[in-house]
Amino acid sequence: MNAHLQPTGSAYFIQKETETVENHTLSVLVANEPGVLARVIGLFSGRGYNIESLTVSETEHESHLSRITIVTRGTPGVLEQIKAQLERIVPVHRVVDLTVRARQNGQDRPIEREVALIKVAGRGEDRAETLRLADAFHAKVVDATLEHFIFEITGKSSKIDQFLTIIKPLGLIEVCRTGIAAMNRGPQGM
């Protein structure tokens with residue numbers, strides 16, 4: 001049995017080896033009130049589902065609505081179950097699987113971006129190489145001393161992962177990532 005097919009200890013873990021496991025990006029429109037995020041996260045942890053990325057922010061101030069963007073992994077059946085259970089939470093107004101919607105529109109994935117702050121040592125001859133690599137990845141210097149740099153980089157998660165891999169031998173000190181923000185192409189909203 002493959003490692004990704006091992007049971008998680010959840011009573012809800014039912015997976016046939018023929019079902020494919022994939023990442024999906026869900027957009028959840030919720031009432032902006034205390035405890036909503038805890039209820040959404042509790043649904044995932046209580047059933048043994050993992051959250052790969054999570055971002056939340058108020059998007060409609062007048063209506064007091066927030067948008068939670070969740071990247072999760074599962075089989076089509078598990079993903080449908082997650083969406084159905086999210087829709088039953090009272091302060092949830094709408095759940096949209098952006099990955100499914102992108103495919104319906106003929107695209108591979110929704111537009112996904114992430115921001116990261118990356119602190120890198122910047123001493124000696126590695127200093128110039130660090131700046132050269134940052135420029136190649138369009139990373140902005142947001143703080144610099146004689147001892148270190150802090151870069152801001154925006155893009156797909158894979159771009160940030162690649163930058164981290166390349167910069168690590170030069171003295172990677174610390175990383176802070178925002179999580180994925182996502183939206184579908186086209187004129188319609190969520």
>> Using every non-hydrogen atom in the two residues, find where Thr20 and Pro76 come nearest and quote the distance to one decimal.
In response: O-CD, 3.4 Å
> Would Ile68 and Val96 show up in the same hydrophobic cluster when neighbours are defined by side-chain heavy atoms closer than 4.5 Å?
Replying inline: no
> Hey, mind stepping through His148 and Glu174 against side chain to side chain contact (heavy atoms under 4.5 Å, CB included) and telling me if it holds?
Replying inline: CA-CA 11 Å; His148 77 278; Glu174 186 178 3; over 6 Å; no
> What's the shortest heavy-atom distance between Leu65 and Glu58, and which atoms?
Replying inline: O-CG, 3.4 Å
> Measuring from Leu86:CG to Gln81:CD, what's the distance to the nearest 0.5 Å?
Replying inline: 11.0 Å
> Does any N or O in the side chain of Lys159 come within less than 3.5 Å of the main-chain N or O of Thr154, such that one atom is a donor and the other an acceptor?
Replying inline: yes
> Salt-bridged, Glu52 to Arg73, with N to O below 4.0 Å?
Replying inline: no
> Hey, mind stepping through Leu131 and Val141 against side chain to side chain contact (heavy atoms under 4.5 Å, CB included) and telling me if it holds?
Replying inline: CA-CA 9 Å; Leu131 285 171; Val141 176; 3.9 Å; yes
>> Between Val95 and Leu43, is there shared hydrophobic-cluster membership here, with clusters defined by ILVMFWY side-chain heavy atoms closer than 4.5 Å?
In response: yes
>> For Ile180, is there any backbone N or O sitting under 3.5 Å from a side-chain donor or acceptor partner on Thr55?
In response: yes
> Between Gln107 and Arg185, does any side-chain donor sit less than 3.5 Å from a side-chain acceptor?
Replying inline: no
> Ion pair present between Arg94 and Glu60, side-chain N to carboxylate O less than 4.0 angstrom?
Replying inline: no
>> Please find the pair of heavy atoms, one from Ala134 and one from Phe151, that lie closest to each other, and give the distance.
In response: CB-CE2, 3.3 Å
> Measuring from Gln85:CD to Glu87:CD, what's the distance to the nearest 0.5 Å?
Replying inline: 10.5 Å
>> Restricting to non-hydrogen atoms, name the atom on Thr165 and the atom on Pro169 that form the minimum distance, rounded to 0.1 Å.
In response: O-CD, 3.5 Å
>> Is there a path of hydrophobic side-chain contacts, each under 4.5 Å between heavy atoms of I/L/V/M/F/W/Y residues, joining Val92 to Leu26?
In response: yes
> How long is the gap from CD on Glu152 to SG on Cys176, to the nearest 0.5 Å?
Replying inline: 11.5 Å
> How many angstroms lie between atom CD of Glu112 and atom CG of Asn23, to the nearest 0.5 angstrom?
Replying inline: 8.5 Å
> Under 3.5 Å, is there a donor-acceptor pair between the side chain of Thr25 and the main chain of Val71?
Replying inline: no
>> So does Val115 get a backbone contact from the side chain of Thr178, meaning a donor-acceptor N/O pair under 3.5 Å?
In response: yes
> Between CD1 of Ile166 and CG of Leu133, what distance do you get to the nearest 0.5 Å?
Replying inline: 6.5 Å
> In terms of heavy-atom contacts, does CE of Met183 have more than 12 from other residues, nucleotides or ligands at under 6.0 Å?
Replying inline: no
> Is the shortest distance from a Lys or Arg side-chain nitrogen in Arg177 or Asp161 to a carboxylate oxygen in the other one below 4.0 Å?
Replying inline: yes
> When rounded to the nearest 0.5 angstrom, what is the spacing between CD1 in Ile153 and CD1 in Ile160?
Replying inline: 6.0 Å
>> Are more than 12 heavy atoms, taken from residues, nucleotides or ligands other than Glu125, located less than 6.0 Å from that residue's CD atom?
In response: no
>> Working note: Thr99 + Leu79, criterion side chain to side chain contact (heavy atoms under 4.5 Å, CB included); need CA distance, chi angles, decisive distance, verdict.
In response: CA-CA 11 Å; Thr99 305; Leu79 293 165; over 6 Å; no
> Can any side-chain N or O of Asn32 pair as donor or acceptor with the backbone N or O of Ser66 at less than 3.5 Å?
Replying inline: no
> Where do Gln188 and Asn105 land on the side chain to side chain contact (heavy atoms under 4.5 Å, CB included) test, with the steps shown first?
Replying inline: CA-CA 11 Å; Gln188 82 266 20; Asn105 293 336; 3.7 Å; yes
> Can you tell if the side chain of Ile41 reaches within under 4.5 Å of the side chain of Leu54, non-hydrogen atoms only?
Replying inline: yes
> Should Leu37 and Val30 count as side-chain neighbours, where that means a heavy-atom distance under 4.5 Å?
Replying inline: no
> Do Leu117 and Phe163 sit in the same hydrophobic cluster, where Ile, Leu, Val, Met, Phe, Trp and Tyr count as joined when their side-chain heavy atoms come under 4.5 Å apart?
Replying inline: no
>> Donor-acceptor pair, distance only, cut-off 3.5 Å: does the side chain of Ser27 make one with the backbone of Thr69?
In response: no
> Looking only at heavy atoms, what is the nearest atom pair of Leu146 and Arg127, with distance?
Replying inline: O-NH1, 3.7 Å
> Looking at His24, Gln104, Arg103, which hits side-chain hydrogen bond (donor to acceptor under 3.5 Å, both in side chains) with Asp97?
Replying inline: His24
>> Between the side chains of Arg123 and Glu147, is the shortest nitrogen-to-carboxylate-oxygen separation below 4.0 Å, so that they form an ion pair?
In response: yes
> Would you say Ile82 and Val56 are hydrophobically clustered, going by side-chain heavy atoms of ILVMFWY under 4.5 Å?
Replying inline: yes
>> Is there a side-chain contact between Phe44 and Ile70 in this structure, where contact means two heavy atoms from C-beta onward sitting under 4.5 Å apart?
In response: yes
>> Can you give me the closest heavy-atom contact between Gly179 and Ser53, atom names plus distance?
In response: CA-OG, 3.3 Å
